[in-house]
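Here is the structure we will look at, set down as structure tokens.
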Amino acid sequence: MIQKVPEEEITRIIIREALEDWIAIADSDVIIVGAGPSGLTAAYYIAQTGARTVILDRRISPGGGIGGGGNLFHKIVVAAPADEILRDIKVNYKEIKKGVFVLDTAELISKLLSSAVDAGAKILFGVNVEDVIYRTDPLRIEGVVAIWSAIPLAQLHIDPLGLRARAVIDATGHEAEVVRIVSRKIPEAKIEVKGEKSMYASMAENFTVEYTGEVFPGLYVTGMAVNATYGGPRMGPIFSSMLLSGRKVAEIVIGRLEE
Ligand code: 48F
């Protein structure tokens with residue numbers, strides 16, 4: 001027999017424990033917006049240092065664009081040196097030729113997710129980031145403004161909640177949503193989002209890693225959001241730069257937190 005747990009007790013456990021987490025994340029070291037490959041990789045390396053790391057994703061499933069593979073074929077290609085990261089998170093892969101690897105989408109999602117969680121990152125689903133918190137003198141980003149994703153979908157007029165963080169990472173993918181918000185709502189930040197260009201896989205991969213970093217004080221960008229921000233091409237289902245960009249932004253943010 002399975003032990004009986006009355007309905008009201010299940011409800012109280014869920015609400016009490018979830019609220020404890022929300023009270024803690026009202027003030028974090030790092031908030032990452034987006035649980036795709038770049039955001040999860042960044043969370044894995046940052047959380048290992050003991051920094052209080054939170055990922056918010058508007059969907060109720062992890063992995064962002066990983067699950068779609070290439071046109072729904074369940075494989076992802078990765079090129080060297082991103083295989084270092086695959087080994088860090090213990091993903092099984094096949095080496096097709098020197099420096100070119102292929103792996104299953106489900107395995108990449110599950111290993112990235114479990115590695116980030118085991119490192120100590122808190123991942124919350126169904127949370128939409130719709131704005132940022134900013135400060136002047138000096139002008140900087142100091143957090144995000146979030147609301148359950150179901151609320152804007154239902155077109156309800158409900159005020160969101162502000163969550164403070166020492167660093168905010170935009171890992172929202174092709175739309176660079178957080179950077180776009182800053183560009184639109186804080187004109188004195190003088191940020192222009194150039195928008196992503198058409199496909200040129202090898203150029204795109206190097207572009208992503210090269211331009212990964214701080215876009216504005218307190219705001220960092222990783223993954224496809226880099227290409228959208230700075231006008232780089234797309235690369236399709238080769239994910240080396242998503243992983244390497246996640247690791248690079250982690251190294252930059254860890255350095256800043258130590259300053
Ligand atoms: O799109 P996504 O996977 O971003 P990524 O890490 O990786 C891109 C690749 O998947 C692929 C590619 C590489 O070859 O081109 O597309 O750059 O994951 C972004 C995640 O952010 C969430 C979204 O639901 C997705 O899971 N997201 C986007 N905007 C918001 C958000 C927002 N405003 N609030 C919360 N979550």
Side-chain angles (χ1 to χ4, degrees), residues 28-43 46 54-59 64-65 127-149 151-153 155 157-200 203-235 241-242 245-246 248-250 252-253 256-257:
S28 303
D29 290 320
V30 183
I31 290 179
I32 299 167
V33 187
S38 63
L40 287 169
T41 306
I46 294 169
V54 181
I55 302 189
L56 305 174
D57 199 295
R58 65 156 67 110
R59 291 166 34 166
V127 181
N128 184 63
V129 169
E130 63 166 46
D131 208 340
V132 295
I133 298 173
Y134 79 109
R135 292 289 181 268
T136 52
D137 301 321
L139 195 58
R140 57 176 288 109
I141 303 306
E142 285 209 353
V144 301
V145 176
I147 194 160
W148 303 125
S149 324
I151 292 176
L153 282 175
Q155 297 186 319
H157 183 166
I158 295 177
D159 264 323
L161 294 171
L163 307 172
R164 292 282 293 277
R166 295 167 66 200
V168 173
I169 302 177
D170 184 337
T172 62
H174 298 261
E175 291 305 318
E177 293 205 12
V178 184
V179 180
R180 259 181 222 282
I181 289 164
V182 175
S183 162
R184 193 176 75 245
K185 298 191 71 171
I186 312 178
E188 58 273 38
K190 297 190 173 54
I191 292 180
E192 183 204 351
V193 178
K194 293 204 168 138
E196 171 191 292
K197 291 170 87 171
S198 297
M199 189 181 284
Y200 185 163
M203 183 198 270
E205 287 236 283
N206 286 299
F207 188 101
T208 311
V209 180
E210 185 182 342
Y211 285 91
T212 293
E214 194 172 33
V215 205
F216 187 71
L219 177 62
Y220 301 79
V221 67
T222 183
M224 278 313 292
V226 172
N227 300 43
T229 300
Y230 297 108
R234 66 190 303 185
M235 75 286 287
S241 57
M242 298 301 107
S245 169
K248 181 177 173 185
V249 82
I252 295 169
V253 167
R256 288 298 162 78
L257 294 178

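Since the structure is predicted, the reported quantities are computational estimates derived from the model, not experimental observations.
Atom OG1 of T212 and atom CG of N227 lie 8.0 Å apart (nearest 0.5 Å). Atom OG1 of T41 sits about 9.5 Å away from atom CD1 of I32, to the nearest 0.5 Å. Distance CG/L153 to CH2/W148: 14.0 Å, rounded to 0.5 Å. To the nearest 0.5 Å, the span separating OG on S38 from CG on D170 amounts to 8.5 Å. Distance check: I31 CD1 to L219 CG gives 11.5 Å after rounding to the nearest 0.5 Å.
Contact record, I55 with G34: CG2-O, 3.6 Å, taken as the closest heavy-atom pair. Between G223 and T208 the shortest heavy-atom distance is O-CG2, 3.4 Å. Closest non-hydrogen pair, Y220 versus R256, comes out as OH-CG, 3.2 Å. In terms of heavy-atom proximity, S198 sits nearest to P233 at O-CB, 3.0 Å. Across A176 and A228, no two heavy atoms sit closer than the pair CB-CB, 3.8 Å.
Side-chain atoms of S183 never come within 3.5 Å of backbone atoms of V179 as a donor-acceptor pair (strictly under, hydrogens ignored). A donor-acceptor pair under 3.5 Å is absent between the side-chain atoms of S245 and the main chain of T222, judged by distance alone. Side-chain atoms of E142 do not come within 3.5 Å of backbone N or O of R164 as any donor-acceptor pair. Side-chain atoms of K248 come within 3.5 Å of backbone N or O of E210 as a donor-acceptor pair.
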(request) Kindly indicate, with the supporting measurements, whether the criterion side chain to side chain contact (heavy atoms under 4.5 Å, CB included) is fulfilled by L163 and L56. (result) CA-CA 11 Å; L163 307 172; L56 305 174; 3.9 Å; yes

Review point. Can Y211 and T229 be said to form a side chain to side chain contact (heavy atoms under 4.5 Å, CB included), step by step?
Key: CA-CA 9 Å; Y211 285 91; T229 300; over 6 Å; no

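Side-chain contact between I186 and F216: absent, with no pair of heavy atoms (C-beta onward) separated by less than 4.5 Å.
Applying the salt bridge (charged side-chain N to carboxylate O under 4.0 Å, His left out) criterion to R184, with sequence neighbours excluded, gives no partner residue. R59 pairs by the salt bridge (charged side-chain N to carboxylate O under 4.0 Å, His left out) definition with nothing, not counting sequence neighbours. Applying the side-chain contact (heavy atoms from CB on, under 4.5 Å) rule to E175 yields the partners E177, R180; only residues at least two apart in sequence or on another chain are considered. Partners of L257 by side-chain contact (heavy atoms from CB on, under 4.5 Å), not counting sequence neighbours, listed by chain and number: D29, V30, A51, R166, V253.
Residue pairs meeting the salt bridge (charged side-chain N to carboxylate O under 4.0 Å, His left out) criterion with at least one partner in residues 187-199, sequence neighbours excluded, are E196-R234.
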May I have the list of side-chain donor-acceptor pairs in residues 127-134 shorter than 3.5 Å, sequence neighbours left out?
from : atom 1 : to   : atom 2 : distance (Å)
N128 : OD1    : R58  : NE     : 2.9
N128 : OD1    : R58  : NH2    : 3.1
D131 : OD2    : K185 : NZ     : 2.6

